[in-house]
Protein chains: 2
Amino acid sequence: MNMNHSDDQRDQMDNETSDLSKARLRAWLQILKVSRKIEGELREKMRIEFGSTLPRFDVLAALYRERDGMRMSELSKSLMVSNGNVTGIVDRLVSEGLLVRVPVENDRRASIVRLTEAGEKDFAERALVHEAWVSELFSDLSARDADGLIRILRTISHHNEAPHD
Amino acid sequence: MNMNHSDDQRDQMDNETSDLSKARLRAWLQILKVSRKIEGELREKMRIEFGSTLPRFDVLAALYRERDGMRMSELSKSLMVSNGNVTGIVDRLVSEGLLVRVPVENDRRASIVRLTEAGEKDFAERALVHEAWVSELFSDLSARDADGLIRILRTISHHNEAPHD
DNA sequence: TAGAGATATTTCAAACTCAAAATATTTATG
DNA sequence: CATAAATATTTTGAGTTTGAAATATCTCTA
């Protein structure tokens, strides 16, 4: 049996399961905890202040960034939720008059979803309030820590990038 | 035009608020992105490998840490989900034979939920696999960054601790 | 001790979510 | 051109989630 350097593969693996992997698990549980807590706070504020929901806000936000509209598939990919999920939320937003579905030239399967004027106006106002809520909920987060947080989280999300495309 | 922003006191507050609050918003969106991505991966693995779901796993995990069982209200508080939500998940886990509801002495309103032997056994096995999945998904996260992440996230969750109690 | 208020849990309706199946349409292949 | 495969979306059924209302029980106080 061929054992080499002090940090050899076998020991490293064992340490990893007992130490590093536990640290990573703790990190994940902490991410989950914060994200649930913040989501809960924002959901409540959305409901009380806007009479709306987080998923609807997310859809509006995505479409506000893409003013020419997006296909349903682009929308669901960008929000990382299923296609069928987006269908229902868009349906409700359309019936509220905030979105429209526009047929796509040369492809009758697809449709583009876009903000209406009312949707644009509504979202523009709400986005500012939303940003203020988040800033308040994160008020103990310094600029330095915000950057550190983003950097670390990016290393995680890059590793889990969809392998295709 | 010769403007020096850092010397402009009137603008400083506005700039600071706007920059810092945007950084915090970006941090929040990144948390959301990672947590959705990881949750999606774990959900799929749970479904395929265990034929189960994330919420069920979360309930089992909470009860595995409290071997004497928890009240429904403690459970929902610990998982940060509504009471009614836990009822449904516990119902299913009871019907799968992994949990039991035990009446509470001197309080017929309440009941204690506990793992059955089967539930304990099942979870113990699955927890190891789950930890390995997380460690793999977080494999770009060094011990140092894991600690940094946890520290930063704790400052956020402490600020948003429930004010009551 | 009667009954008002508090507490623990469940039930309920609506919304969200997923994965898989169904539908409609387009593209590619023979 | 016919039609098989691919693509875009919706529908479906089951599960999760919420917030509010309902139910059951307990506690406190007059």
Side-chain angles (χ1 to χ4, degrees), chain A residues 32 35-37 39-60 69-96 99 101-113 164-165, chain B residues 32 35-37 39-60 69-96 99 101-113 164-165:
Chain A
L32 214 46
S35 109
R36 282 195 190 172
K37 206 163 257 184
E39 275 201 278
E41 299 282 351
L42 292 177
R43 182 190 308 113
E44 187 180 5
K45 287 176 193 293
M46 288 269 168
R47 180 175 53 82
I48 293 173
E49 306 288 332
F50 296 162
S52 189
T53 69
L54 230 34
R56 289 176 207 205
F57 185 83
D58 290 344
V59 166
L60 296 177
M70 299 171 87
R71 291 183 174 215
M72 294 298 286
S73 44
E74 294 174 319
L75 202 44
S76 66
K77 190 173 177 182
S78 128
L79 299 174
M80 292 187 292
V81 299
S82 68
N83 258 331
N85 186 356
V86 174
T87 297
I89 294 165
V90 167
D91 283 350
R92 285 170 209 115
L93 288 169
V94 166
S95 74
E96 288 172 18
L99 299 185
R101 277 184 230 250
V102 184
V104 171
E105 199 78 8
N106 296 329
D107 190 346
R108 282 177 300 175
R109 295 169 301 181
S111 60
I112 295 277
V113 188
H164 45 280
D165 283 290
Chain B
L32 214 45
S35 105
R36 281 195 191 172
K37 206 163 255 183
E39 274 202 277
E41 299 282 352
L42 291 177
R43 182 191 306 113
E44 187 180 6
K45 287 177 193 293
M46 288 269 169
R47 180 176 53 82
I48 293 172
E49 306 288 334
F50 295 162
S52 189
T53 69
L54 230 35
R56 291 174 208 206
F57 186 83
D58 290 343
V59 166
L60 295 177
M70 299 171 86
R71 291 183 173 213
M72 294 298 286
S73 46
E74 294 174 320
L75 202 44
S76 67
K77 190 174 178 182
S78 130
L79 299 174
M80 290 187 293
V81 298
S82 68
N83 259 330
N85 185 355
V86 173
T87 296
I89 295 164
V90 166
D91 283 350
R92 287 175 204 108
L93 287 170
V94 166
S95 75
E96 288 172 19
L99 297 186
R101 276 184 230 250
V102 184
V104 170
E105 198 78 6
N106 297 329
D107 191 345
R108 281 177 299 175
R109 293 169 304 179
S111 60
I112 295 277
V113 188
H164 44 281
D165 283 290

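Taking atom CE on B:Met70 and atom P on C:dT9, their separation rounds to 11 Å, with Å as the unit. Remark: P of D:dT18 and CG of B:Leu79 are 10 Å apart, rounded to the nearest angstrom. Per the geometry, CD belonging to B:Glu39 stands 11 Å off C1' belonging to C:dT17, to the nearest Å. Atoms CD (A:Glu105) and C1' (D:dA8) sit 17 Å apart, rounded to a whole Å. In this structure, B:Leu54 atom CG and D:dT16 atom P are separated by 10 Å, rounded to whole Å. Straight-line distance from the CE atom of B:Met72 to the P atom of C:dT7: 19 Å, rounded to whole Å. Rounded to an integer number of Å, the gap from CG of A:Asp91 to P of C:dT17 is 14 Å. If you take CG of B:Leu75 and C1' of C:dT10, they are 15 Å apart, rounded to a whole angstrom.
Rounding to the nearest 0.5 angstrom, the gap separating the CG atom in A:Leu42 from the CZ atom in A:Arg47 is 13.0 Å. Atom-to-atom distance recorded for A:Ser76:OG and A:Met70:CE is 9.0 Å, nearest 0.5 angstrom. With rounding to the nearest 0.5 angstrom, the CG atom of B:Asn83 is 7.0 Å from the CE atom of B:Met72. Atoms CD and CZ, on A:Glu41 and A:Arg43 in that order, are 10.0 Å from each other to the nearest 0.5 Å. Taking CG of A:Leu54 as the reference point, atom CG of B:Leu32 lies at 7.5 Å (rounded to 0.5 Å).
Residues A:Ile89 and A:Pro55 approach most closely at CD1-CB, 3.7 Å, considering heavy atoms. Nearest heavy-atom pair, A:Val104 versus A:Arg71, reported as atom, atom and distance to 0.1 Å: CG1-NH2, 3.7 Å.
The side chain of B:Arg109 sits closest to D:dC26 out of D:dC26, D:dT9, C:dT26. Distance from the side chain of B:Ala110 is smallest to C:dT9 among D:dG15, C:dT9, C:dA15.
With hydrogens and angles ignored, no donor-acceptor pair under 3.5 angstrom links the side chain of B:Arg108 to the base of D:dT25.
Note on A:Arg71: every side-chain N or O is 4.0 Å or more away from OP1 and OP2 of D:dT7. Phosphate contact (OP1/OP2 of D:dT16, side-chain N/O of B:Arg92, threshold under 4.0 Å): present.
Contacts between residues 43-53 of chain A and DNA chain C, counted as heavy-atom distances below 4.0 Å, involve A:Thr53. Applying a 4.0 Å cut-off to non-hydrogen atoms, the residues of residues 82-90 of chain A that approach DNA chain C are A:Ser82, A:Asn85, A:Ile89, listed by residue number.
In this structure, A:Arg36 reaches neither bases nor backbone, as no heavy-atom distance under 4.0 Å exists between it and the strands shown.
Remark: the backbone N or O of B:Leu79 is paired with a side-chain donor or acceptor of A:Arg36 at under 3.5 angstrom.
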field: From CA spacing to verdict: side-chain contact (heavy atoms from CB on, under 4.5 Å), B:Val59, B:Leu99
entry: CA-CA 10 Å; B:Val59 166; B:Leu99 297 186; 4.1 Å; yes
